[in-house]
Each structure stands twice: as C-alpha cells, then as structure tokens.
Amino acid sequence: MTELSRTSTPDAESQPVNRRERLIWGTIFTVAVAWIAFRTATIGMGSAYVKVIGEQVTEAKANDFVAGVAEFSLSRTIGIWVAALLTLAVLSFLYRDNPLYKLAESIFIGVSAAYYMVISFWTVIVPNQLGNVIPETIQNWCMPGLSPVRKPDWYLYLVPLILGVMLLWRLAPFGAWVARWPLAFIIGTMAGLKLVSYLEADFLSQIHASLVPIIITTEPTIWENFWASVRSLLILLGMLATLVYFFFSIEHKGVVGGVSRVGIWVLMIAFGAMFGYTVMGRIALLVQRFQFLFDDWLWLVDPIGRRLGM
C-alpha cells in the first residue's frame, strides 16, 4: 500500500501543474483569438487588395487606395490567412510536438511533392519523353508549337520510358525486384556524371585557388601588397596545417603535434564560419516570416506604407 502511494505521488503532483499550464495557454489562446477577431471586424486585418488593368492583376499600392481603384481580393485574403495559420502551426513546435504542427508538416510535404510532380510532368515527361515518342498526339493535345514529325532516333526515348515503368513496378503487389534495375542504373549514371562535375567544381577548383603567390606585388600601394601577401601566406599555412592533421602515418607529437593542433583551429574556424553563414540564412527566413505575420496579416507594422489611405 505504501509503495502504491509512493508511485502515484508524482502523477498526483503533476496533475495540478498540467492543469495550470493548460489554463494559462488556453487563456492566452482565447485572448489572441478575440483580439484577432476584433481587429479583423474593425479594420479588416489580413485583407488583400488588387488593382485590375485589363486582364492584368497586380497588388494594390497606397496611391491605388487613394484613387479608389483598389479591389478586394477574396482568394489572396484566404491565402494570407492560410499562410499565417500554417506558419503559427509550425512555430507551435517551439512549445511541444502537437497535432497542429504535424498537420502543417504533412501539408507542406504533400503540397511540395504534388507541386514537383506536376512540374516534372509538364516540363520533362510531356515535352521530352512523350513529345519525342508520339509528337503528333502531344501537339494536338497540349503543345501546338511542337513538330509532329518524329526524330530519326526517336526509338531511343523508349529506353527511359521502359525504365520509368520498371521503377513504378515497386508499387505493384508482386515483382518489386524489377524496380532494382532502373534504380541501380539511375544511381550509377548520376554518380558517374556528378563525379566529374564535383572533381572540377570542388576538388580541382580548390587546389587551383590555393596555388597563389606568397609575395604580392600587383596591388597599387605597398600596404595593400603587404596585406595581400599576409592573406596568401595564411592560406598556405592553414592548408598545410590542416593536411598535417589528417596525416596519420606519423604520431602527432612534437612539431607534428603542434602543427596538427593549428590545423584543428583552422578546421574549427572554417566550420564555425560555415555554421554561422547557415544560421544567418535561416534567421533571414525567420525574419521574412515574422515580417509577413506582423505586416501582411496582423497589420501591426507598415514599413512601405501599403495601407496608407484606407
């Protein structure tokens, strides 16, 4: 009986905390919804307006509101609200994993997959594959500018068509092993093509960039020549120190150990710079989303005066 009471004590203590937490977040959510509903009803928060000139539809500016040529756009308004709610659903993961975040994640993945599937169908399969096998049919269907005459080597385009059908065979209830052949062909071909491009773009270009003269005399002033020479010397020494760190045939002691430690510092500085650059890119995306929420949706800021005259 004592052990049962001891094991049930943590749950009993956590229930008031969870109840208090739900009460706090429920209150915050209720106040936020009431505030958003009030601003939407009073000032039209989150509304989008356009200017129609003939068949061209553009976003309305401040002068368009003053001139009275701005028109309310229901589709763009719905888009703003859907984008804002999905953004909040993604940001809700900062609190904890929840169904709203999973819903937004599933929508994002599904829409992205569907979008790229449609783009690939109309830009790759139709013009490149079917347009070379059955050009007359494709011309009559969706591409009037396509020549109806087959190319002399049109039968070569049957190879990727057969490989594509074999790749889709994985979805069949039997014979899934058929998909291994086109998959192996795709991986092997792409590995061979990318190997050459990566060697030229990454490997050889980095070697070429490191082969710089140590003494620079081409700058206009002596100080610019001095600092350019220091930069070239640092590149050379940092490269050599990093290579020594990855040279494992000699034990890293004495001079070799000291140089390898310098190589570690060079690596850490390089990794830190790359990580900082990545973080800056993600922060820029976050700032854009906050600007969208506060400007386009909530109307709390108006940096370019787009709502002037409303």
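Residue numbers start at 1 and run along the sequence shown.
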State the OH-CD distance between Y157 and Q129, to the nearest 0.5 angstrom. 9.0 Å
So for atom CH2, which belongs to W265, do other residues, nucleotides or ligands contribute more than 12 heavy atoms lying within a distance under 6.0 Å? no
Would you kindly confirm whether L91 and F294 end up in one hydrophobic cluster when ILVMFWY residues are joined by side chain heavy atoms under 4.5 Å apart? yes
So which heavy atom on Y49 is nearest to which on A70, and how close? CB-CB, 4.2 Å
M268 side chain reached by F271 side chain, heavy atoms, under 4.5 Å: yes
Hey, is the main chain of T221 close enough, under 3.5 Å, to the side chain of N225 for a donor-acceptor pair? yes
Using modelled atom types and a 3.5 Å cut-off, is there a donor and acceptor pairing between side-chain atoms of R170 and backbone atoms of W177? no
Work out which heavy atom in V126 is nearest to a heavy atom in I138; give both atom names and the distance. CG1-CG2, 4.0 Å
Polar side-chain atom of W169 near backbone of F174 as donor-acceptor pair, under 3.5 Å: yes
Would you compute the distance between atom OH of Y198 and atom CZ of F203 and round it to the nearest 0.5 angstrom? 16.0 Å
Between V90 and Y101 the two heavy atoms that sit nearest each other are O-CD1, 3.6 Å
Does L285 form a side chain to side chain contact (heavy atoms under 4.5 Å, CB included) with Q288? I'd like the steps, not just the answer. CA-CA 5 Å; L285 295 176; Q288 291 180 1; 4.1 Å; yes
Closest heavy-atom pair, G44 versus S47, reported as atoms and distance to 0.1 Å, is O-OG, 2.7 Å
Using only atom types and a distance under 3.5 Å, with no angle test, would you say the side chain of R39 pairs donor to acceptor with the backbone of W299? yes
Evaluate whether atom OH of Y95 has more than 12 neighbouring non-hydrogen atoms of other residues, nucleotides or ligands under 6.0 angstrom away. yes
Any chain of hydrophobic side-chain contacts (each under 4.5 Å) joining I36 to F290? yes
CD1 (I222) and OG1 (T217) are apart, to the nearest 0.5 Å, by 11.5 Å
Kindly check if the number of other-residue, nucleotide or ligand heavy atoms within 6.0 Å of CZ (F185) is above 12? no
Near W35 CH2, under 6.0 Å, is it more than 12 heavy atoms from other residues, nucleotides or ligands? yes
Is the number of heavy atoms from other residues, nucleotides or ligands within 6.0 Å of CZ (R150) greater than 12? yes
State whether the side chain of Q139 and the backbone N or O of L146 hold a donor-acceptor pair below 3.5 Å, judged by distance alone. yes
Take L163 and L167 through the test side chain to side chain contact (heavy atoms under 4.5 Å, CB included) and record every step on the way to the result. CA-CA 6 Å; L163 291 176; L167 191 63; over 6 Å; no
Under 3.5 Å, side chain of S112 to main-chain N/O of I109, donor-acceptor pair present? no
Using a cut-off of 6.0 Å, state whether more than 12 heavy atoms not belonging to W81 lie near its atom CH2. yes
I269 and V262: same hydrophobic cluster, using ILVMFWY side-chain contacts below 4.5 Å? no
Taking side chain as C-beta onward, heavy atoms only, is E251 less than 4.5 Å from V256? no
If you round to the nearest 0.5 Å, how far is CE of M239 from CG of L211? 7.0 Å
Would L88 end up clustered with V301 when hydrophobic side chains under 4.5 Å apart are linked, directly or stepwise? yes
I'd like to know if the side chain of S210 reaches the main chain of I207, judged simply by a donor and an acceptor atom lying under 3.5 Å from each other, with no hydrogens or angles considered. yes
Applying a strict under-4.5 Å side-chain criterion to I, L, V, M, F, W and Y, I'd like to know whether L100 and V82 cluster together. no
Picking from L286, T278, V279, what satisfies side-chain contact (heavy atoms from CB on, under 4.5 Å) with R282? T278
Would the number of heavy atoms belonging to other residues, nucleotides or ligands and lying under 6.0 Å from CD of E224 be above 12? yes
Which heavy atom in H252 sits nearest to a heavy atom in V244, and how many Å separate them? NE2-O, 3.5 Å
If you draw a 6.0 Å radius around CZ in F248, do more than 12 non-hydrogen atoms from other residues or ligands fall strictly inside? yes
Can you give me the closest heavy-atom contact between S205 and D202, atom names plus distance? OG-O, 3.4 Å
From N132 CG over to S147 OG, what is the distance, rounded to the nearest 0.5 angstrom? 10.0 Å
Stepwise, does the side chain to side chain contact (heavy atoms under 4.5 Å, CB included) test hold for I80 with F292? CA-CA 9 Å; I80 290 176; F292 166 77; 4.1 Å; yes
Do the ring planes of W141 and W122 sit parallel (below 30°), tilted (30 to 60°) or perpendicular (above 60°)? tilted
If I take atom OH from residue Y116 and atom OG1 from residue T123, how far apart are they, to the nearest 0.5 angstrom? 11.5 Å
